[in-house]
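Below, chains carry the letters A, B, ... as their sequence lines are ordered, and counting in each starts from 1.
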Protein chains: 2
Amino acid sequence: MVQGGKPRPMKGIRQLAEHLDISIGTVSRALNGKPDVNEETRKRVLAAAEQLGYVANQSGRSLRQGTTNVIGLMIQSSRETVENSDNFFLTVTGGLQSVFSRHKLDLIMLPCPHDEDPYEYLKRMVARRIVDALIISETQRVDKRFDLLAKAKIPFAALGRSLSGTQHPWVDLDFGGVINCAIDRLVAHGHRRIAISAPSSDINLGFVFVEGYRRALERHGILYDPALVIRAKSSEQGGYQVADELLRLEDRPTAVILIYELMAIGLYRRVMESGIIPGRDIAVVSFREAPRAKFLQPALTCFRTSLHDLGVELAEILLSSMPAYSHEYSRKSRQTVWPLELIPGESDAFRLTTTK
Amino acid sequence: MVQGGKPRPMKGIRQLAEHLDISIGTVSRALNGKPDVNEETRKRVLAAAEQLGYVANQSGRSLRQGTTNVIGLMIQSSRETVENSDNFFLTVTGGLQSVFSRHKLDLIMLPCPHDEDPYEYLKRMVARRIVDALIISETQRVDKRFDLLAKAKIPFAALGRSLSGTQHPWVDLDFGGVINCAIDRLVAHGHRRIAISAPSSDINLGFVFVEGYRRALERHGILYDPALVIRAKSSEQGGYQVADELLRLEDRPTAVILIYELMAIGLYRRVMESGIIPGRDIAVVSFREAPRAKFLQPALTCFRTSLHDLGVELAEILLSSMPAYSHEYSRKSRQTVWPLELIPGESDAFRLTTTK
DNA sequence: CATAGTATCGTAAACGTTTACGGAGCGCAT
DNA sequence: ATGCGCTCCGTAAACGTTTACGATACTATG
């Protein structure tokens, strides 16, 4: 009957074993680098697997050892995110993968549908046990997901800090440092009336940004004026709207800090419609840099960082909390505030001479 | 020993069955909506599952029925993509999910690492059988992935047309229609010397775009000049570079068609550095719209479409090629050229009077 | 020569589902 | 009373792995 193993479609490890005339257990051990297998046979097995294109069925493996070798990155892609996130996630993903791939871990992105509650979505994903560990992003000020993941005992890390005091690992951009640096610089140039744009305070970014803003002003003895905090979307449209509101103010600010570089496009447009020249009549500083900042006119002063490296850090922090990998990364601190550096442009270059 | 089922962590369907004093088979049938189960017991099972938070283990299910209920969207996130893809994928993803969710299918994104060959990556993913079907993006002019997927007999669709004549399903933007419309419009305004930017011809977009450009010029009796085809990245940097090359030409073109709206930022910057005003001294038309087009100054003339709806179309086309779902979508044609509509701006509004 | 130790391999059980199959109970017509 | 059809449910096999355990052959040691 069995008269020679033509390279058939390859159904599983069993066929591979038959083809080699070896027991299925040995084949498995050979493929997985277990010690108790002759190097000679291991070579044969690996060669045959390569030739026949055998790759272990993930479901079978997962079922047996309760592990999937997949890490999930949950992203919300809320309307707001779609508008502004740019390639934030894809860039961070690159950093994550450069670490994970060393451990034969695959990264998949789990985009929560618009019409589904992120918490419910996450619950589903956790229950399905499709991933070994999770990275969640766009953390909220109060985020039930932390409890969910802790209770499910699934390793996770967050892209975005936690304000609820829990001790899970996270990495986040240094909003506080950025806002301090920006305000120091503007004050040094003579500005006293500085507006700021921020998203809703429910989002960590919005909350921390405005808090840092308040403290920085206080440090310089400048009174905090709520009217100068403008909640807007982090898009061109949002920037346009920020400018619109600023122009309506009686005591118009001389400087504005934007939460995102894209907003500058809309803001430039709006103020120029009123004959106001950015970089001459109003100083503009933006938080996160994207490649287009330097092509704006005037070039935007903003803060830069390597999102790729941030991804690396995030990956290492996650692995350090996974028992199977922690021995390699245990030295890592578990919560990182990621620094950014100032890229001076021309949008805030002028020095204010008139004192108010 | 077993003295009452306290809501324990819930290990599997077996515990659920014990807790209900029903056989495990019946529980499974009840949960999966099989007909031969009493409606009364079905209710009990569903209630208990809900209360105990039971969700079927995906690995077990997949192993048994050879299906995962997961659709994968492979994205390259090559350097070039990271620069320009923006939220293209996230928006399309929204459309895909709105269809998939109706069938309890989950979408995951599979980002191919930078340092891995997309073909090898796809091979791995296919072999692992982690998804039931695949959507691949950024198709090349010759793309081995089509053969791979066809040979593996895994249903798939492409975001990006095929030029190799294979009959697999795809959806792609209507490059040809766009280029025709743009050139008709420019010619009607008196332009005869029209430059165009495009990515490498290896990529379908680059190839089709330039081909359409040639044919459109021919239709108007305008000579095709290879010097006016400028290969550049689809980023601000690329736009800057396009302008740079245009300015160096002896017989400078009066109009330019950009492949991507972001490029306009760099192009504006560069030509204005030479005292040339876009929309007055040079006409600019861009291919795909993004929300910032209208905030540029002058507002960019470009083409718009709903990427969300494109995602819907793509999802339906894919499902129509999957036996389990095709009965609901079988009427769909399998290859769709997705239309875009012109959004007039001011960047090409002027009428050329001087004849050359 | 007997024994212990080592290297290598085969056997079979488990992982959590789904599902084909058959059996029990019941009502109804013959 | 018998047979038939129906509804509902339990049993057990199967999916493709990994791995604990034991078996074998060989080597080294006494």
Is it true that, when you exclude E120(B) itself, more than 12 heavy atoms of the residues, nucleotides or ligands shown sit nearer than 6.0 Å to its CD? yes
Here the pair of heavy atoms bringing S321(B) nearest to F156(B) is OG-O, 4.3 Å
In the 5' to 3' direction, the nucleotides of DNA chain C bounding the stretch that comes under 4.0 Å of a heavy atom in chain B are dG16(C) to dA20(C)
So, is S23(B) near the phosphate of dG10(D), with a side-chain N or O under 4.0 Å from OP1 or OP2? yes
Counting the atoms with a prime plus P, OP1 and OP2 as sugar-phosphate, which does N57(A) contact under 4.0 Å by heavy atoms, base, sugar-phosphate, or nothing? sugar-phosphate
Taking all non-hydrogen atoms of both residues, which atom of T68(A) and which atom of R128(B) are closest, and how far apart? O-NH2, 3.9 Å
Centroid-centroid under 6.0 Å between H103(B) and Y329(B) rings: yes
In this structure, how many angstroms lie between the P atom of dT7(D) and the CD atom of E40(B), rounded? 17 Å
What is the distance, rounded to the nearest whole Å, between atom CG of D21(B) and atom P of dC8(D)? 20 Å
Looking just at side-chain N and O atoms, do Q58(A) and S62(A) make a donor-acceptor pair shorter than 3.5 Å? yes
Could you check whether I22(B) gets within reach of a base, just the sugar-phosphate, or nothing at all, counting any heavy atom under 4.0 Å? sugar-phosphate
In short, Q335(A) meets T166(A) closest at the heavy-atom pair NE2-O, 3.5 Å
Please classify the nucleic acid contact of T41(B) as base, sugar-phosphate, or nothing, using heavy-atom distances under 4.0 Å. sugar-phosphate
Which comes earlier along DNA chain D counting from the 5' end, the contact point of V27(B) or that of L31(A), where each point is its nearest nucleotide? V27(B)
Integer-rounded Å distance: dA23(D) C1' and D36(A) CG: 13 Å
